[in-house]
Amino acid sequence: MNASQPQAEAGAPVESRPSNFIRAIIMQDLKTNKYDGRVQTRFPPEPNGYLHIGHAKAICLDFGLADEFGGKTNLRFDDTNPEKEEQEYVDSIMEDVRWLGFHWDGLFYASDYFDQLYEWALQLIRAGKAYVDDLSADEMREYRGTLTQPGRDSPYRNRSIEENLDLFQRMRAGEFRDGSRVLRAKIDMASPNLNLRDPVMYRILHAEHHRTGDKWCIYPMYDYAHGQSDSLERVTHSMCTLEFEDHRPLYNWFIQQLGIFPSQQIEFDRLNLTYTLLSKRKLLQLVNEGHVRGWDDPRMPTLSGIRRRGYTPEAIRNFCSSIGVSKTNGTLELAMLEHFVREDLNQHAPRVMAVLRPLKLVIDNYPENQVEEMEAVNNPEDPAAGTRKVPFSRVLHIEQDDFREHPPKQYFRLSPGREVRLRYAYFVKCKEVVKNEKGEAIEVHCTYDPATRGGNTPPDGRKVKATIHWVSAAHAIDAEVRLYDTLFSRADPNQSQEGKEFTSNLNPDSLQVINKAKLETSLLNASPGSRYQFERLGYFCVDRDSSPGKPVFNRTVALKDTWAKIEKRPPEKP
RNA sequence: UGGGCCGUCGACUAAUGGUAGGUCAAGUGCCUUUGGAGCACUUUGUCUAGGUUCGAAUCCUAGCGGCCCAGCCA
């Protein structure tokens, strides 16, 4: 990553990103030489689902901070629960991290450490710090106490070290059924922090692991695996989300009892976005119940969904670095994310003309069989992008939205008697409207002014208030265009009416398919993944569902629409 | 109501005892062959009450509000 810092005029370094408390901790640790000047982080996803935009924040932090201070970052899969984890998720996670533009130093799996973790468990048993418990899950819950009442010691808590050793070894050997026993840390059943009430370290799970196969039938719990994995990798700053704050004493306890490298856990706030759900469990449910077309449905907040939608890694990285990080629990407006895609795409996406809902426009005074090549600018933000030729003829398609028989106030586009500019072409003036039985305009007839070609101002100096886009009917190609709205219609999708699930907040109009949009010829063989701005409409990305001669486009995000805003405004009071 | 964490413009985030600033959003104007982009300007904020201090968003006390924890998930 580019970690260069702009310099202030006076010569003092200036932070390019907002400062945050984690950076402050790292700088302090560097200053006191706490870890010999080393910064080692890790990104530790569980391979039980696809990464989403919330993970992007964590990734940018883990990799970004290490990079900024010349440190390293490992990718480590937290694969301690074989019942939920799959290779498919491992693959997608690696793809997504790479796509975001990051390169991990070490690639590890918690399962790499199962042998070491097992040895350490024996060590804790020998030290009298862990014991095998025969309580059932229900009994254990009962013994644990409540938020306000202390727990009680399990009757098995004071087994001899020899018996614990024997039992634990037999757990590993597969002598016991799932759920019949666990290994617990012996800490304090009366602790006000429930995580310290003798937490489970190992459970029996006769399950095939995606990497270790059937080698193990006992698996370590998160709390017993995570800190030690960090320690083994000599991680200096282990960032995780706020809900693990209560686990930090336990994280430290294991490290201290084992006398191993003291990694430090630092918690930050998870990303929340309006109109979107960032819970792997719920996203899985959306996929499984068919509410979306898969993990990479462009309406999903997954990185694969967002990618397919047309977002760029650059936009996401800019977003992540600008939103900052803190310990406040808040919800970001979706508009913030959208701003950063627009910003990036405005800079880089070539412009083309496309008509989503065609209305036929005939130029009565234009020669019947004439075709002109109009010169169009590819990207006004980037002169190097050059120009292209766009065919123009007597019969065109324009956007239905760009014509109103009875124009409201402040509507500047085409209407009977009014003149507008056709982008890169001529002024046209509306002379006549042809309507169907239902009274809908199906064809507009205009005359054009040859003196206004290609942006020329007419000799009389008259001006028009609008420029509209168009496509030559004879040259247009058909395309499918998929327009997306938010997946949920509520800003907080979790807030549903009582008795109803979050799925009741699904937006029925989140996907709108336009089957016969009319596109500029140049788009015929656009390759999947390429991004364009459809002038005056928004940014669109070629979907992988495209077939030769039949492109499919996803709308990434619409352009800001001042007119839509005006039209939506409540009428002014007299 | 046990413990932990957090309260700064509408949203997110800075200011680490010394000018409350930035981004998004909203609004106004300029500009414009995209009602896009850009430029300029504007509005709105330190949860409350006490205290310490020359000086408090920052430190102290007490309230109030929000989030998290009772998986053999992570």
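Note that the coordinates shown come from a computational prediction; the quantities given were computed from them, not determined experimentally. A note on names: the letters A, B, ... follow the listed sequences, proteins ahead of strands, and every chain is numbered from 1. Both backbone and side-chain heavy atoms feed into the values below; hydrogens, waters and symmetry mates do not.
One C1' atom belongs to B/G55, the other to B/U19, and the distance between them is 13 Å to the nearest Å. Comparing B/A25 with B/G17, their P atoms are spaced 34 Å from each other, to the whole Å.
Partner A/Leu359 forms a side-chain contact (heavy atoms from CB on, under 4.5 Å) with one of A/Gln400, A/Glu399, A/His397 and no other, that one being A/Gln400.
Within the shown strands, B/C69 is the pairing partner of B/G2 under the Watson-Crick or G-U definition, both distances less than 3.5 Å. Of all nucleotides present, none satisfies the Watson-Crick or G-U wobble test against B/U16 with each distance under 3.5 Å. Across every strand in view, B/U61 sits in a pair with B/A49 that passes the Watson-Crick or G-U test at under 3.5 angstrom. The base-pairing partner of B/G35, taking Watson-Crick or G-U wobble contacts with both distances under 3.5 Å, does not exist among the strands shown.
Mapping A/Lys57 and A/Ile204 onto RNA chain B by nearest heavy atom places A/Lys57 closer to the 5' end of the strand.
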### Task
Take A/Glu85 and A/Arg211 through the salt bridge (Lys or Arg N to Asp or Glu O under 4.0 Å) test and state the conclusion after the steps.
CA-CA 10 Å; A/Glu85 296 151 4; A/Arg211 294 195 80 238; over 6 Å; no
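Using a 4.0 Å cut-off, no side-chain N or O of A/Arg270 falls inside it from OP1 or OP2 of B/A74. Residue A/Arg203 has a polar side-chain atom (N or O) positioned under 4.0 Å from OP1 or OP2 of B/A74.
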Protein N or O to nucleotides 9-11 of chain B N or O, pairs below 3.5 Å:
{"from": "B/G10", "atom 1": "N2", "to": "A/Glu333", "atom 2": "OE1", "distance (Å)": "3.0"}
{"from": "B/A11", "atom 1": "O4'", "to": "A/Glu333", "atom 2": "OE2", "distance (Å)": "3.1"}
{"from": "B/A11", "atom 1": "O3'", "to": "A/Thr331", "atom 2": "O", "distance (Å)": "3.2"}
{"from": "B/A11", "atom 1": "O2'", "to": "A/Thr331", "atom 2": "O", "distance (Å)": "3.0"}
{"from": "B/A11", "atom 1": "O2'", "to": "A/Glu333", "atom 2": "N", "distance (Å)": "3.4"}

